[in-house]
Amino acid sequence: TGEAEAARAAMGGSASLLPREALGEYQELTFLSKQEILLAYKRFSELLPKEERENACSARVPKSRILTLPELRANPFQHRICRVFSTSYDGDDSMSFEDFLDMLSVFSDSATSDIKSHYAFRIFDFDDDGTLDRKDLEKLVNCLTGQGEESRLSNAEMEQLIQNVRTIRRGHGLLHGPGHTELTFPSPQILEESDIDKDGTINLPEFQHVVSRSPDFARYGGLQW
């Protein structure tokens with residue numbers, strides 16, 4: 001369309017290497033507009049060495065390069081985001097263009113709350129066992145408070161924080177871009193109440209129930225590009 005051609009022209013030569021049929025397919029399969037897809041392709045291509053940019057659709061960008069993006073560099077869940085969206089068989093968390101596009105689509109304002117909560121659940125599920133348990137919650141708190149391996153909270157500090165914290169303020173909140181300064185997430189009481197089958201863990205449907213009761217938690221706007 002004329003709209004797509006204008007976007008291509010505005011974004012330079014790299015965008016023109018994305019096949020027209022692929023552009024239409026990506027638009028159908030994501031929550032992104034044509035312009036956003038072309039911009040994503042341009043940014044993805046720029047993460048590759050110059051000699052690989054002509055074949056960006058079939059290339060993979062190493063995790064180390066993905067983490068140079070400003071939107072991820074300041075995100076406390078940067079490593080989990082790469083792990084969740086990467087389809088690498090090698091487990092190196094590298095990303096293909098389609099992985100990259102999936103990530104941007106989920107974090108876009110147009111994505112549904114169900115999609116956002118599904119991927120938030122996967123990001124918080126640090127051990128990838130399909131449930132959120134006490135260990136996942138502890139790792140989540142450590143990420144949000146910026147605690148590294150050498151400065152972990154004591155057991156008493158962790159217990160107090162988990163029992164009392166409601167809001168954690170950071171320069172960049174959960175899956176937020178620049179300008180967002182606050183993250184509100186469900187209290188342990190809500191988590192406990194939402195453990196419908198009382199097995200001590202939260203599964204995806206239970207987590208989505210938590211999110212539906214906590215509008216502030218669900219209102220993350222995504223990465224700003």
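As the structure is a prediction and not an experimental result, all values here were calculated from the model.
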Open item on the list: Which heavy atom of L67 sits nearest to which heavy atom of Q78, and what is that distance?
Closed with: CD2-CB, 3.7 Å
Task: Near-ring test F100/Y41, centroid separation under 6.0 angstrom - done: no
- [ ] Take T201 and R134 through the side chain to side chain contact (heavy atoms under 4.5 Å, CB included) test and state the conclusion after the steps.
- [x] CA-CA 8 Å; T201 65; R134 169 76 183 211; over 6 Å; no
- [ ] To the nearest 0.5 Å, tell me how far I202 CD1 sits from D133 CG.
- [x] 10.0 Å
- [ ] Please report the C-alpha distance between F77 and L140 in whole Å, then the side-chain angles of each, then the deciding distance to 0.1 Å, and finally whether the side chain to side chain contact (heavy atoms under 4.5 Å, CB included) criterion is met.
- [x] CA-CA 8 Å; F77 299 97; L140 186 153; 4.2 Å; yes
Task: Side-chain donor or acceptor of R65 paired with backbone N/O of L48 under 3.5 Å - done: no
Open item on the list: Which residues pass the salt bridge (Lys or Arg N to Asp or Glu O under 4.0 Å) test with D128, not counting sequence neighbours?
Closed with: R80
TODO: Could you grab the distance from atom OG1 of T131 to atom CG of L204, nearest 0.5 Å is fine?
DONE: 11.0 Å
Open item on the list: Please determine whether side chain to side chain contact (heavy atoms under 4.5 Å, CB included) holds for the pair E25 and E21, giving the CA-CA distance in whole Å, both sets of side-chain angles, and the decisive distance to 0.1 Å.
Closed with: CA-CA 6 Å; E25 183 178 351; E21 58 273 16; over 6 Å; no
Task: Separation of E36 CD from Q27 CD (nearest 0.5 Å) - done: 9.5 Å
Open item on the list: Ignoring hydrogens and geometry beyond distance, is a side-chain donor-acceptor pair present between D114 and T112 at under 3.5 Å?
Closed with: no
Open item on the list: To check you understand the geometry: which heavy-atom pair defines the closest contact between G91 and R83, and what is its length?
Closed with: O-NH2, 3.8 Å
Task: Spatial distance of atom CD (E71) from atom CZ (R73) [nearest 0.5 Å] - done: 8.5 Å
- [ ] Would you please name every residue forming a ring pair (Phe, Tyr, Trp, His ring centres under 6.0 Å) with F121, sequence neighbours left out?
- [x] F207
Task: Heavy-atom check, side chain of I115 versus side chain of F31, under 4.5 Å - done: yes
Open item on the list: Do L132 and F126 make a side-chain contact, defined as non-hydrogen atoms from C-beta onward lying under 4.5 Å apart?
Closed with: no
Task: Gap separating the CG atom of L18 from the SG atom of C57, nearest 0.5 angstrom - done: 5.0 Å
Open item on the list: With a 4.5 Å cut-off on side-chain heavy atoms, are D125 and V84 touching?
Closed with: no
Open item on the list: Taking side chain to side chain donor-acceptor pair (under 3.5 Å) as the definition, give me every residue that meets it alongside Q208, ordered by chain and number, with sequence neighbours left out.
Closed with: S117
Task: Qualifying residues under ring pair (Phe, Tyr, Trp, His ring centres under 6.0 Å), relative to Y26, sequence neighbours excluded - done: F97
Task: Residue pairs involving residues 95-106 (criterion salt bridge (charged side-chain N to carboxylate O under 4.0 Å, His left out); sequence neighbours excluded) - done: R60-D99
- [ ] Look only at the side chain of K116 and the backbone of S108, and say whether a donor-acceptor pair between them is shorter than 3.5 Å.
- [x] yes
Task: Minimum-distance pair of heavy atoms, taken over all atoms of C82 and K63 - done: SG-CG, 4.1 Å
Task: Euclidean distance, F124 CZ relative to K139 NZ, rounded to 0.5 Å - done: 14.5 Å
Open item on the list: Using modelled atom types and a 3.5 Å cut-off, is there a donor and acceptor pairing between side-chain atoms of N55 and backbone atoms of E52?
Closed with: no
TODO: Can you sort out the partners of D92 under side chain to side chain donor-acceptor pair (under 3.5 Å), two or more places apart, ordered by chain and number?
DONE: S88, S94
Task: Beyond-backbone contact of F107 with F85, side-chain heavy atoms, under 4.5 angstrom - done: yes
